[in-house]
**Student:** 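Take a look at this one; I'll ask things after.
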Amino acid sequence: MRVWLIIGVVHVMAMGSTASAQAEPLASPALEAAVTQTCLDWMKPLDTNAQLSLKRVDGGLCLNGHIETGDDKPVLDQLNSFGKTEPLVMVVRSGGGEVKAALAIGEALLDHPATVVADTFCASSCANFLITAGHRRVVRPDTLLLYHGGATLEQLEQALPQLRAFAAQDPQIMFNTYEDTLTTINRQEAFLTKAGISSTLFRWMDLINYMAPAEAGSHCPLDSVVVEYPPVVLARFGLTFDAYETPRSQTELDDLRHRLGKKSPPACGATRPFRRSRRS
């Protein structure tokens, strides 16, 4: 099983409130409901895996689609149109995308009294950085929230042979990729800490990649590329939700995936924490 690949040719791809939550109040239930419904109506004909689409509505933002390099700029421009103390609601539906762009959006969201609502499908960078950045986090019914972890020092160490091969052609490639990866790891950990979440979260998620097949298979189907964690497991790392109706078994997860069709890759329903030991 491999639920995170760190090197793509030569660079990284990638119930509660946050510790950095503003003293200002969050969106009222009425505003949250209004923004959510407006966004759902707008998103209905859109493909989750299409190019990122963004819509500003009264009291919030609607974000749908795959996040690419540079997609953070229009989102940050819209976020900056809200006052720092102004409650806002962001409704997200995305399979994730480029790490740095999604991380930049998450970092900016942390500076607003934001409610983030995930609908239908929020995976990869969406799960890592968008829903996580909400001071109020809502996962709507029949929504898949799927993780494959983030960049880690262990992954960087494993990638060194590949980087050395690139260095034989151009030493600058190895240096730039190594420095870029370290910067991303440091930003991820600072983001998690600011959100009130343990900075070890992504390293813990990565443990399954170091297990023998039999051990990994006791947690997840071996064809899984993403993982759905129960809220009680994520809460151990400080990642809590204000509303989250999650599948409670692999069967329920598979049923939901099938109902969503092509929106979801093979997924594991992890019902218990991974052990902290690593296979040497």
Side-chain angles (χ1 to χ4, degrees), residues 15-46 48 50 52-67 71-97 101-146 191-192 194-197 231 234 239-246 263:
M15 304 177 166
S17 59
T18 66
S20 62
Q22 308 293 315
E24 294 74 21
L26 299 173
S28 67
L31 179 60
E32 180 181 322
V35 172
T36 299
Q37 189 58 57
T38 299
C39 288
L40 295 183
D41 292 342
W42 173 73
M43 291 175 171
K44 190 173 182 179
L46 301 179
T48 305
L52 189 72
S53 298
L54 179 68
K55 181 179 178 66
R56 193 190 198 284
V57 300
D58 290 342
L61 297 172
C62 317
L63 187 151
N64 182 92
H66 190 76
I67 301 168
D71 281 343
D72 51 311
K73 185 179 186 307
V75 180
L76 298 188
D77 288 344
Q78 290 295 339
L79 282 174
N80 288 335
S81 71
F82 291 88
K84 289 292 187 180
T85 63
E86 181 181 0
L88 69 93
V89 179
M90 177 181 279
V91 181
V92 297
R93 193 175 72 172
S94 172
L103 179 53
I105 295 170
E107 289 168 337
L109 272 172
L110 284 177
D111 291 331
H112 293 266
T115 297
V116 180
V117 179
D119 176 70
T120 305
F121 188 50
C122 180
S124 184
S125 293
C126 178
N128 284 1
F129 306 121
L130 301 191
I131 185 72
T132 305
H135 299 298
R136 172 173 161 82
R137 306 179 186 115
V138 176
V139 181
R140 286 175 45 77
D142 290 337
T143 294
L144 289 173
L145 184 65
L146 302 174
F191 167 82
L192 291 172
K194 188 174 181 179
I197 299 166
L234 295 175
L239 178 52
T240 57
F241 298 86
D242 297 274
Y244 188 176
E245 297 184 33
T246 175
K263 294 183 177 67

**Student:** Let's go through C62 and V57 carefully: what are the C-alpha distance in whole Å and the side-chain angles of both, what is the deciding distance for side-chain contact (heavy atoms from CB on, under 4.5 Å) to 0.1 Å, and is it a yes or a no?
**Tutor:** CA-CA 7 Å; C62 317; V57 300; 3.9 Å; yes
**Student:** Drop me the distance from S53's OG to M43's CE, to the nearest 0.5 angstrom.
**Tutor:**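 If I round to the nearest 0.5 Å, the distance is 9.0 Å.
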**Student:** Apply the test side-chain contact (heavy atoms from CB on, under 4.5 Å) to residues N64 and W42: give CA-CA distance (whole Å), side-chain angles for both, the deciding distance (0.1 Å), then the verdict.
**Tutor:** CA-CA 10 Å; N64 182 92; W42 173 73; 4.2 Å; yes
**Student:** Determine which pairs satisfy salt bridge (Lys or Arg N to Asp or Glu O under 4.0 Å) with at least one residue from residues 118-131, sequence neighbours left out, and list them in order.
**Tutor:**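 Every pair satisfying salt bridge (Lys or Arg N to Asp or Glu O under 4.0 Å) with a residue in residues 118-131: D119-R140.
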**Student:** Nearest 0.5 Å please: distance from the CZ atom of R56 over to the CG atom of D77.
**Tutor:** 12.0 Å
**Student:** Does the pair I105 and F129 meet the rule for a side-chain contact (heavy atoms from CB on, under 4.5 Å), with working shown?
**Tutor:** CA-CA 8 Å; I105 295 170; F129 306 121; over 6 Å; no
**Student:** Between D111 and K194, which heavy-atom pair has the shortest distance, and what is it?
**Tutor:** OD1-NZ, 2.7 Å
**Student:** Please name the pair of heavy atoms, one in E86 and one in F82, separated by the smallest distance, quoted to 0.1 Å.
**Tutor:** OE1-CA, 3.5 Å
**Student:** How far does CG of L88 sit from CG of L109, to the nearest 0.5 angstrom?
**Tutor:** 7.0 Å
**Student:** How far does CG of L145 sit from CG of L239, to the nearest 0.5 angstrom?
**Tutor:** 8.0 Å
**Student:** Would you compute the distance between atom CG of L63 and atom SG of C126 and round it to the nearest 0.5 angstrom?
**Tutor:** 7.5 Å
**Student:** From the options D58, V117, V89, T115, select the one residue that forms a side chain to side chain contact (heavy atoms under 4.5 Å, CB included) with V35.
**Tutor:**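 For V35, the side chain to side chain contact (heavy atoms under 4.5 Å, CB included) test succeeds with only one of D58, V117, V89, T115, which is V89.
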**Student:** Kindly say whether L110 contributes a backbone atom to a donor-acceptor pair with the side chain of H135 at under 3.5 angstrom?
**Tutor:**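 At least one qualifying donor-acceptor pair exists.
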**Student:** Show the nearest heavy-atom pair for residues C39 and L61, with the distance to one decimal.
**Tutor:** SG-O, 3.8 Å
**Student:** Please assess V138 against E32 for the test side-chain contact (heavy atoms from CB on, under 4.5 Å), listing each intermediate value before the final yes or no.
**Tutor:** CA-CA 10 Å; V138 176; E32 180 181 322; 3.7 Å; yes
**Student:** Is K44 close to L40 at the side-chain level, that is, under 4.5 Å between some pair of heavy atoms?
**Tutor:** no
**Student:** First locate atom OG1 of T240, then atom CD1 of I197, and finally report the distance between them rounded to the nearest 0.5 Å.
**Tutor:** 7.5 Å
**Student:** Which atom pair, heavy atoms only, marks the closest approach of L26 to R136?
**Tutor:**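 Result for this residue pair: CD1-CB, 3.6 Å.
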**Student:** If you look at every heavy atom in A195 and T132, which pair is closest and at what distance?
**Tutor:**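 In terms of heavy atoms, the two residues are closest at CB-O, 4.2 Å.
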**Student:** Considering all heavy atoms of both residues, which atom of M90 and which atom of L79 are nearest to each other, and what is their separation?
**Tutor:**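 So the minimum-distance heavy-atom pair works out to CE-CD2, 4.3 Å.
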**Student:** Given 3.5 Å as the limit, does a donor-acceptor pair link the side chain of S125 with the main chain of G97, or not?
**Tutor:**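 Yes.
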**Student:** State whether the side chain of T36 and the backbone N or O of A33 hold a donor-acceptor pair below 3.5 Å, judged by distance alone.
**Tutor:** no
